[in-house]
Amino acid sequence: MKIAIFSDSFLPQINGVVTHIIGTAQELTKKGHCVLIFAPKPHYGGKADIASYPFSVFFLPSFPAMIYPDYRVAVLSLPKIMLEMRKFKPDIVHVMDPFTVCSEGIMAAKLMNIPIVITFHTFFMDRDFLKNVRLERGAAQP
């Protein structure tokens with residue numbers, strides 16, 4: 001099976017989301033699946049060492065997020081994503097969060113009529129986290 005994974009967090013950043021994505025992609029390839037990850041390109045001069053991994057990564061142009069310097073925000077790139085998806089021909093799209101790269105992954109999958117799996121591996125919508133960064137008005141009500 002060919003699996004396209006979309007994430008707004010990836011190497012060289014290290015966090016639980018990135019660790020989960022790498023582990024998932026490695027296990028999928030061990031089972032004989034082909035994995036292509038779509039993620040924001042690291043900052044200028046930054047390098048994501050992906051040569052030792054058994055999966056491919058397609059980096060999208062990005063810029064630094066203002067409130068979280070290590071986090072990159074991808075520039076809208078639907079035409080590039082669509083072109084790469086047509087080359088790769090995924091059987092399924094796995095979206096890891098509800099941000100820029102993943103929103104475009106959903107759009108591309110819908111336009112190409114590819115099934116989508118969505119998982120969410122972060123605490124950004126957690127009430128306590130939002131309160132801590134003074135955005136508690138955006139928290140879901142219990």
**Student:** Working to the nearest 0.5 angstrom, can you tell me the gap between I5 CD1 and H20 NE2?
**Tutor:** 8.0 Å
**Student:** Using every non-hydrogen atom in the two residues, find where V93 and G105 come nearest and quote the distance to one decimal.
**Tutor:**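 Residues V93 and G105, closest heavy atoms: CG1-O, 4.2 Å.
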**Student:** Using the test ring pair (Phe, Tyr, Trp, His ring centres under 6.0 Å), find all partners of F88 that sit at least two apart in sequence or belong to another chain.
**Tutor:**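 In terms of ring pair (Phe, Tyr, Trp, His ring centres under 6.0 Å), with neighbours along the sequence ignored, F88 is linked to no residue.
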**Student:** What is the distance from atom CD1 of I37 to atom NE2 of H94, rounded to the nearest 0.5 Å?
**Tutor:**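 Interatomic distance, I37 CD1 to H94 NE2, rounded to 0.5 Å: 11.0 Å.
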**Student:** So which atom in I116 and which in I106 form the shortest heavy-atom distance, rounded to 0.1 Å?
**Tutor:**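 So the minimum-distance heavy-atom pair works out to CD1-O, 3.9 Å.
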**Student:** Keeping the roles fixed (side chain from D97, backbone from S7), state whether a donor-acceptor pair exists under 3.5 Å.
**Tutor:**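 No, because the side chain of D97 does not come within donor-acceptor range (under 3.5 Å) of the backbone of S7.
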**Student:** Taking all heavy atoms of T100 and all of A74, pick out the closest pair and write down the distance.
**Tutor:**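 Shortest heavy-atom contact: CG2-O, 3.1 Å.
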**Student:** Give, for atom CZ of F55 and atom CG of L28, the distance between the pair rounded to the nearest 0.5 Å.
**Tutor:**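 One gets 10.5 Å once the value is rounded to the nearest 0.5 Å.
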**Student:** Would you name the heavy atoms of V73 and A65 that are closest together and state the gap between them?
**Tutor:** CG2-CB, 3.8 Å
**Student:** Please list every donor-acceptor pair under 3.5 Å in which a side-chain atom of residues 75-86 meets a protein atom from a residue at least two apart or in another chain.
**Tutor:**
unit_1	atom_1	unit_2	atom_2	d
S77	OG	V75	O	2.7

**Student:** So do the side chains of L11 and P42 get within less than 4.5 Å of each other, counting heavy atoms only?
**Tutor:** no
**Student:** Is it true that, when you exclude K110 itself, more than 12 heavy atoms of the residues, nucleotides or ligands shown sit nearer than 6.0 Å to its NZ?
**Tutor:**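 Check fails, neighbour count at 12 or below.
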**Student:** Calculate, to the nearest 0.5 Å, the distance between atoms CG and CZ belonging to L60 and R72 respectively.
**Tutor:**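 It is 12.0 Å, given to the nearest 0.5 Å.
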**Student:** Residues in side chain to side chain contact (heavy atoms under 4.5 Å, CB included) with E27, at least two apart?
**Tutor:** K30
**Student:** Quick one: pull up CZ in F58 and NZ in K41 and give me the separation to the nearest 0.5 Å.
**Tutor:** 10.5 Å
**Student:** My understanding is that only residues two or more places apart in sequence, or in another chain, count here; which of them pass side chain to side chain contact (heavy atoms under 4.5 Å, CB included) with S56?
**Tutor:**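 Only L36 meet the side chain to side chain contact (heavy atoms under 4.5 Å, CB included) criterion with S56.
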**Student:** Minimum heavy-atom separation for I92 and P115, please, with both atom names.
**Tutor:** CG1-O, 3.4 Å
**Student:** Taking ring pair (Phe, Tyr, Trp, His ring centres under 6.0 Å) as the definition, give me every residue that meets it alongside F59, ordered by chain and number, with sequence neighbours left out.
**Tutor:**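 None.
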**Student:** Compare all side-chain heavy atoms of V101 with those of F10 and state whether any distance is below 4.5 angstrom.
**Tutor:** no
**Student:** Once you round to the nearest 0.5 Å, how far does CD of E104 lie from CG of L111?
**Tutor:**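 Between E104 CD and L111 CG, I get 11.0 Å after rounding to 0.5 Å.
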**Student:** Can you list everything that forms a ring pair (Phe, Tyr, Trp, His ring centres under 6.0 Å) with F6? Sequence neighbours excluded, please.
**Tutor:**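 F38.
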**Student:** For residues P54 and T29, report the shortest heavy-atom separation together with the two atoms involved.
**Tutor:**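 Smallest heavy-atom distance, with atoms named: CG-OG1, 3.1 Å.
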